[in-house]
Amino acid sequence: MTMTMTSIGKHPIYDDIYQSVRIDESIAEPFSARCIGRKIETWPHDKLATFLARHCNENQNGHEKLFVRVYRGRYRLNDNAK
């Protein structure tokens, strides 16, 4: 599945997730790396899981907070991420 630039356009993984959640509505929130991997086969599970964890609101590492952790392993898009 190849996606075009939507949303912020800085991270291809984010763009694919955003497209599937907000545009296509093929992935429901809260989602996990496994849910995303079933719909977006371009990205391996370990890369998706790492990307979600690094870019969530609970991680204080300076990465953009693109996701909100709902509970362990489940996320939703951060509507305030721009």
Rounded to the nearest 0.5 Å, what separation is found between the [atom1] atom of [X] and the [atom2] atom of [Y]?
X   : Y   : atom1 : atom2 : result
R74 : F31 : CZ    : CZ    : 10.0 Å
W43 : D16 : CH2   : CG    : 6.5 Å
I13 : T50 : CD1   : OG1   : 9.0 Å
S32 : Y71 : OG    : OH    : 8.5 Å

Q: Name all residues meeting the side chain to side chain contact (heavy atoms under 4.5 Å, CB included) criterion together with A33; count only those two or more places apart in sequence or in a different chain, and write none if there are none.
A: H45, L48, A49, L52

Q: Step through it carefully: locate the ring centre of Y14, locate the ring centre of F51, and say whether they are under 6.0 Å apart.
A: no

Q.
For F67 and N57: C-alpha separation, side-chain torsions, deciding distance, then whether side chain to side chain contact (heavy atoms under 4.5 Å, CB included) applies.
A. CA-CA 6 Å; F67 307 100; N57 62 319; over 6 Å; no

Q) Side chains of H11 and H55: does their closest heavy-atom pair fall under 4.5 Å? A) yes

**Q.** Pairwise side-chain contact, R69 with P30, heavy-atom cut-off 4.5 Å (strictly under)
**A.**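 In short, these two side chains do not touch, never coming nearer than 4.5 Å.
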
**Q.** Shortest non-hydrogen contact between S20 and I40, atoms and distance
**A.**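 Looking at all heavy atoms of both residues, the closest pair is OG-CD1, 3.5 Å.
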
Q: Heavy atoms only: give me the nearest K65-C56 pair and the separation to one decimal.
A: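 Taking K65 first and C56 second, the nearest heavy atoms are CD-O, 3.2 Å.
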
(Q) For a side chain to side chain contact (heavy atoms under 4.5 Å, CB included) check, start with the C-alpha distance between I27 and I17, then their side-chain angles and the critical distance, and finish with the verdict. (A) CA-CA 8 Å; I27 297 175; I17 295 169; 5.8 Å; no

Q: Could I get the full list of side-chain hydrogen bond (donor to acceptor under 3.5 Å, both in side chains) partners for R22, not counting sequence neighbours?
A: E29, D79

(Q) Looking at N78 and V68, would you say the former's side chain and the latter's main chain have a donor-acceptor pair under 3.5 Å? (A) no

Q. Should L66 and V70 be regarded as members of a common hydrophobic cluster, given that ILVMFWY residues are connected when their side-chain heavy atoms come within less than 4.5 Å of each other, either directly or indirectly?
A.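 Each belongs to a different hydrophobic cluster.
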
